[in-house]
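Please read all numbers here as calculations on a predicted model, not as lab measurements.
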Amino acid sequence: MHSNITMAVVLALLASVAFAASSVVQHLAVADESSADKEALGGRQLLAVVKNPVWLAGLALLGLSAVGQVAALQLAPVTVVQPLGALAVPWTILLSARVHKNTVSRGMWTGTAMTLVGTVAVAWVAIAHATDAPVLRNDLLVTGPLVCFAIALALALVGAKGPLAWRCLAWALAASVIYGMESGLAKAIGAYLATQPWQGSATFWFMVAAIVVGIALAGVWIQQGYAAGAAEIVVGGLNAGAPIAGVVFGITVLGEGALLRGDTVAITLMLVFAAVALTGVVLLSRHHPGAPAK
């Protein structure tokens with residue numbers, strides 16, 4: 001499929017709106033099923049959540065968002081598409097404030113602005129250095145996802161056992177690593193189908209399995225994030241962490257950063273902008289009215 005960055009951007013923007021709506025709806029369902037004194041959802045509560053019609057409506061919106069995201073990834077590099085998901089953060093804040101009748105504080109808007117500016121800036125640098133087609137190396141397509149799973153599991157451990165003030169964000173960042181990885185794998189699978197014999201490829205089926213396992217894990221972790229904190233914090237963590245993870249995956253595993261090699265200024269800018277985006281999410285989590293006491 002030929003590149004069409006304009007269409008990819010439109011699809012990614014629509015996907016961000018659908019993702020924001022799904023997050024607010026699913027957070028409402030999780031709040032209905034969880035107890036205020038619970039630190040995490042138990043097995044019975046998770047089962048009740050997935051049977052909740054409100055949660056299922058949110059799942060349908062999430063599926064719509066995923067379709068738009070996958071379609072966009074077939075039209076442009078991961079390093080271009082993935083960062084645009086950060087636009088779900090302000091959509092979520094506005095929708096959640098409307099639903100819960102909360103006032104959006106200056107600290108929340110500051111955190112949101114930093115998240116957006118940092119993430120879009122990462123995308124800007126990535127777009128300027130993007131290559132059109134991924135480089136498919138079987139060794140990297142296996143080791144890359146394994147490293148991502150290891151990082152995500154470490155963050156999930158913080159979500160389960162870490163300080164209360166950090167649990168919601170840790171759950172969200174754990175899921176964000178998986179989502180960033182899956183964006184890269186979706187791109188790689190599309191290229192595999194178009195260019196290589198995939199039916200008997202162990203690497204191809206490993207990538208498919210990694211996506212399936214990742215969807216299950218990230219889905220559970222997001223619900224735990226909703227139980228531990230606000231939808232805005234979860235979406236902020238997802239939509240700052242996933243683009244950064246997606247860009248790193250695209251550069252290191254898919255070879256999309258070939259033009260970055262030796263460009264110290266561009267690499268430094270990407271690191272600085274990524275730090276700004278993540279700092280914004282931390283501010284958002286600290287200034288949200290439902291944030292745990294420090």
Side-chain angles (χ1 to χ4, degrees), residues 3 5 8-9 12-13 16 72-73 76-90 107 109-135 137 139-141 143-152 154-155 158 166 169-170 172-185 187-188 235-286:
S3 292
I5 289 181
V9 168
L13 290 177
S16 74
L73 286 166
V78 175
T79 47
V80 173
V81 174
Q82 186 68 38
L84 295 173
L87 292 173
V89 180
W109 280 127
T110 300
T112 300
M114 291 180 68
T115 300
L116 283 172
V117 169
T119 308
V120 173
V122 170
W124 170 68
V125 178
I127 289 170
H129 296 81
T131 54
D132 191 33
V135 177
R137 284 184 49 182
D139 57 338
L140 293 179
L141 290 172
T143 57
L146 291 176
V147 170
C148 288
F149 276 118
I151 295 171
L155 287 166
V158 176
W166 292 96
L169 184 56
L173 290 176
S176 78
V177 173
I178 299 299
Y179 279 164
M181 173 199 76
E182 288 183 339
S183 294
L185 289 179
K187 182 75 173 181
V235 172
L238 285 173
N239 288 284
I244 293 168
V247 167
V248 172
F249 192 93
I251 290 171
T252 59
V253 176
L254 302 182
E256 291 183 351
L259 298 179
L260 280 170
R261 291 172 190 163
D263 193 336
T264 306
V265 173
I267 294 172
T268 301
L269 283 174
M270 290 185 79
L271 291 173
V272 170
F273 292 144
V276 169
L278 292 175
T279 301
V281 178
V282 172
L283 280 176
L284 181 60
S285 68
R286 299 280 75 81

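- The side-chain heavy atoms of L155 and I151, taken from C-beta on, include a pair separated by under 4.5 Å.
- Closest non-hydrogen pair, S176 versus G237, comes out as CB-O, 3.7 Å.
- Residues passing the side chain to side chain contact (heavy atoms under 4.5 Å, CB included) test with T279, sequence neighbours excluded: M114.
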Quick one, M270 with I244, criterion side-chain contact (heavy atoms from CB on, under 4.5 Å). Give me CA distance, side-chain angles, the key distance, then yes/no. CA-CA 9 Å; M270 290 185 79; I244 293 168; over 6 Å; no
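- Across every non-hydrogen atom of P145 and L185, the tightest pair is CG-CD2, 3.9 Å.
- Counting only heavy atoms from C-beta outward, the side chains of V147 and M181 never approach each other to under 4.5 Å.
- Pairing each heavy atom of L283 with each of G111, the nearest pair is CB-CA, 4.0 Å.
- For the pair L254 and L141, the minimum side-chain heavy-atom distance is below 4.5 Å.
- Scored by the side chain to side chain donor-acceptor pair (under 3.5 Å) test, T112 finds no partners at all (sequence neighbours excluded).
- Nearest heavy atoms, T252 versus V248: OG1-O, 2.7 Å.
- Contact annotation: the side chain of W166 approaches that of V282 to within less than 4.5 Å [non-hydrogen atoms, C-beta and beyond].
- Scanning both residues, V281 and T115, for their nearest heavy atoms gives N-OG1, 3.3 Å.
- A heavy-atom distance below 4.5 Å is found between the side chains of F149 and I178.
- When side chains are defined from C-beta on, C148 counts as touching F249, because their heavy atoms get closer than 4.5 Å.
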